[in-house]
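Proteins get letters first, then strands, A, B, ... in listed order; numbering begins at 1 in each. These figures come from a predicted structure and were not determined experimentally.
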Amino acid sequence: MLVIDVLQSKRRKTAQPARATAADLSDSDDSDAPLGKQLANKKAEIEADAEKEAKKIQAKEKKAKAAPKKKVKDESDDDDDKPLAKKKAPAKAKAKVKTETTPKKAAAKGKGKAAKVETEQDAEAEDEEEEYRWWEQEKSDGTKKWDTLEHNGVVFPPEYEPLPNHVKMAYDGIPVTLKPEAEEVACMYGSMLHSTVNVENPTFNKNFFQDFSEYLDKTGHATDRDGKKVKITKFEKCDFKPIFEWYTAEREKKKALSTAEKKELKKEKDEAEAAYMYCLWDGRKQKVGNFRVEPPGLFRGRGEHPKTGKVKKRVRPEQITINIGKEATVPAPPEGHNWKEVKHDNEGTWLAMWQENINGAYKYVMLAANSDVKGQSDFKKFEKARELKKHIARIRDDYQKEMKSDMMADRQRATAIYLIDQLALRAGNEKGDDEADTVGCCSLKFEHVTLKPPSTVVFDFLGKDSIRFYQEVEVDPQVFKNLKLFKKSPKGEGDDIFDRLNTSGLNKHLSNYMPGLTAKVFRTYNASWTMARLLKELGDKGLKGSIPEKVNAYNEANRRVAILCNHKRTVGAGHAGQMEKMQTKINGLRYQQWRVKQMMLDVDPKMKKKKGADFFELPEDIDQEWVLEHQKALVEESREKIKKKFEKDNEKLLAEGGKKMSGKELDERLEVADELEKKFKKENKSGKVEAEGKGPTIEKLEGNMDKLSQRIEAMKLQSEDKENNKEVALGTSKIVSSPSRKT
DNA sequence: CCAAGGACTTAGTACATCGTGC
DNA sequence: GCACGATGTACTAAGTCCTTGG
């Protein structure tokens with residue numbers, strides 16, 4: 001039997017017996033082992049919470065039905081509801097989108113108010129009641145996505161503009177002239193020299209140079225100043241710096257434009273693109289997400305992508321398929337070109353599509369995230385996650401049981417579901433050799449899991465986007481046992497942990513619990529659930545407390561979700577410096593506090609007795625040396641500021657036709673800083689600080705102290721927040737819990 | 001059943017814009 | 001009013017998962 005089973009799973013290099021041996025199973029029924037109870041408690045807690053949650057949500061659902069959450073009204077603010085032609089866009093745009101002023105009412109489906117389509121008159125009405133309430137739409141069968149669809153196709157990136165004659169890459173120190181096509185490729189590289197992640201990646205360089213060489217061969221070789229052939233054979237001899245500098249200069253030029261000029265340019269661009277920004281979906285105006293065709297460039301695969309650095313070619317109209325309503329006017333391809341195909345597939349939500357040349361991946365033009373369709377499917381996603389709440393207890397019970405199954409496949413599946421549920425792992429589809437070597441749950445390999453008896457497991461692997469997942473987790477003893485079993489020899493490095501499991505089998509099993517249940521739903525569920533719980537905790541105890549404390553608590557909740565989902569980012573280059581700056585600032589405030597304390601003594605020497613001598617000491621971690629440094633910095637800062645202001649004022653005077661102020665004036669102004677310096681000197685010498693301000697009283701000084709304390713606390717929190725956040729990407733989980741609805 | 005095809009969501013990063021403390 | 005960091009947006013790669021066809 002064993003043999004047969006192994007053969008059946010030929011797909012894997014190494015498989016394990018379908019049935020666990022007696023030895024494997026002997027100790028598998030001690031479900032009440034020490035760790036078990038810990039987790040059981042946790043589980044009970046989770047389940048109780050989940051039930052509470054479920055009730056709350058049901059209640060909310062009722063409420064929501066009674067008073068549907070109103071969609072943000074900014075559409076009316078922004079005249080987005082009005083027909084396109086009414087917008088500032090002049091005649092040309094009007095002609096192109098003519099159909100929009102006469103929406104096809106015939107096509108409008110749905111019931112009553114929901115299907116109301118805007119017309120010129122009621123656009124003025126600005127009535128929220130008139131909006132399409134997709135969240136109230138009854139569920140369709142989910143295949144047909146639209147009845148009518150009109151749009152204007154895609155925007156192509158500008159054609160390549162050759163470099164001016166004086167800008168040339170150098171080969172072996174000699175400036176060379178390239179044919180435009182090859183030059184374009186050289187520019188792709190030259191314009192990104194600042195991106196060290198890529199430029200210092202050998203694979204990137206190898207792939208780039210390979211493709212670059214092809215272009216050179218294809219277009220004919222480069223030439224030097226005298227028109228003599230230059231053979232470009234070594235990457236190391238290529239100097240793209242002149243190109244880089246030219247691009248940098250161009251960018252600077254653009255940056256240096258006045259705000260008015262920039263606005264003008266932006267306006268022009270917006271006008272040119274206005275027609276593409278929106279489409280008409282069942283008669284409703286909807287924002288298109290990515291109507292711009294991706295420009296050519298070097299492929300920037302993440303992690304150790306074997307194809308990173310290859311040339312991503314310019315996409316031609318002949319590669320693009322348009323999807324559009326049967327009745328609609330098909331957007332014209334650029335002069336002298338044709339579309340690859342025009343489809344009328346109303347079971348798809350895409351408007352245009354092409355295949356990219358590097359991986360053969362499909363690229364789609366779809367609606368924006370804030371459109372009705374996307375909103376609807378987002379909504380559905382959360383509905384599904386909420387439905388999981390009803391089944392989660394049973395699923396968890398089942399996987400606990402099945403983890404002891406004597407069918408290897410079931411045991412693996414149960415263990416995998418445990419990991420997906422508890423650690424928020426992704427499903428982990430199989431990947432090809434021509435992709436970065438990353439894994440998810442089902443594709444975990446031998447070397448990604450290390451067992452530390454009695455029941456700790458170390459996960460260390462690269463997940464999506466080659467983001468490292470590293471966690472030492474105390475797991476259910478059965479999970480530990482199973483993982484040990486799944487790693488048993490003859491398995492070794494490179495072999496799958498779950499050799500009898502793949503994502504489709506896993507999802508098929510999950511769908512038995514609930515239609516549409518797949519591995520990714522667990523991530524949504526656990527992220528939402530965690531956020532809800534933390535926010536509730538925040539609500540319970542966080543209501544009191546200062547604003548910074550509340551912000552900090554909210555960020556903390558957000559962070560915990562991001563951590564759960566392993567949302568990471570690369571630590572910014574300036575992070576360490578910024579942290580140091582903050583600390584210096586905090587210390588500066590603390591020093592300031594110390595000074596205020598001395599002032600108190602100045603006002604009332606008896607304070608020393610009252611408060612105790614300790615109170616008036618410098619904080620331990622601040623020494624005299626630091627104080628001197630700090631004083632110097634303060635004085636210097638003050639000087640700089642005065643100088644800057646002086647120069648500014650002078651410029652202004654000149655501009656107004658006046659004349660510059662004398663150096664004497666500057667000196668006079670600088671006296672403030674000099675005095676500050678003197679004051680510090682005096683303080684250092686006498687060890688006393690004269691009370692500042694007129695009529696200083698202990699009360700006033702106490703007030704100053706409080707203010708400083710508050711600022712210190714706020715800064716400390718802020719700095720803590722920053723440090724804790726340095727490698728956590730908050731954006732994604734923020735989107736998950738409250739998607740932007742701006743139009 | 002499996003691999004390839006296809007459509008859609010998820011995610012990090014680069015860059016633009018905003019807002020705020022000095 | 002400005003510089004700077006925080007926040008938002010655009011871009012597109014990298015996942016998930018369903019369908020299709022042999």
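- Partners of A/N526 under the side-chain contact (heavy atoms from CB on, under 4.5 Å) rule, at least two apart in sequence or in another chain, are A/R396, A/D421, A/F522, A/L564.
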Throw together a table of side-chain donor-acceptor distances under 3.5 angstrom for residues 246-253 of chain A, partners on residues two or more places apart or in other chains.
| residue | atom | partner | partner atom | Å |
| --- | --- | --- | --- | --- |
| A/T248 | OG1 | A/F244 | O | 2.6 |
| A/E250 | OE2 | A/K253 | NZ | 3.0 |

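- A salt bridge is absent between A/E383 and A/K380: the closest approach of a Lys/Arg side-chain nitrogen to an acidic carboxylate oxygen does not fall below 4.0 angstrom.
- Neither OP1 nor OP2 of B/dG12 sits under 4.0 Å from any side-chain N or O of A/K568.
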Protein-nucleotides 17-22 of chain B N/O pairs closer than 3.5 Å?
| residue | atom | partner | partner atom | Å |
| --- | --- | --- | --- | --- |
| B/dC22 | O3' | A/K641 | NZ | 2.8 |

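- A/E252 has its CD atom 12 Å from the P atom of B/dC15, to the nearest Å.
- Rounded to an integer number of Å, the gap from CG of A/D345 to P of B/dC8 is 8 Å.
- In this structure, A/K384 atom NZ and B/dT10 atom C1' are separated by 14 Å, rounded to whole Å.
- When the P atom of B/dC2 is taken as reference, atom CZ of A/R500 falls 12 Å away, rounded to whole Å.
- Here ring pair (Phe, Tyr, Trp, His ring centres under 6.0 Å) pairs that include residues 254-274 of chain A, with residues two or more places apart or in two chains, number zero.
- Rounding to whole angstrom units, CZ of residue A/R559 and P of C/dA6 are separated by 13 Å.
- Taking atom NZ of A/K381 as the reference point, atom P of B/dT9 lies 9 Å away to the nearest angstrom.
- With sequence neighbours excluded, the residues that form a side-chain contact (heavy atoms from CB on, under 4.5 Å) with A/E294 are A/K312, A/W354, A/K363.
- Residues meeting the side-chain contact (heavy atoms from CB on, under 4.5 Å) test with A/Q471, sequence neighbours left out: A/L423, A/F469, A/V473.
- For A/R413 and A/D410, the salt-bridge test passes: some basic side-chain N is under 4.0 Å from an acidic carboxylate O.
- Listed pair A/T349 / B/dC8 meets the phosphate criterion, a side-chain N or O lying under 4.0 Å from OP1 or OP2.
- Shown here are the salt bridge (Lys or Arg N to Asp or Glu O under 4.0 Å) partners of A/E387, two or more places apart in sequence or in another chain: there are none.
- For the pair A/K255 and A/R569, both in contact range of DNA chain B, the more 5′-proximal nearest nucleotide belongs to A/R569.
- Evaluation of the side-chain contact (heavy atoms from CB on, under 4.5 Å) rule for A/V199 yields A/Y189, A/L193 as partners, not counting sequence neighbours.
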Practice problem: Mark up nucleotides 13-22 of chain C, 5' to 3', with B wherever a protein heavy atom is under 4.0 angstrom from a base atom, S wherever such an atom reaches only the sugar-phosphate, and - elsewhere. | Solution: BBSBBS----
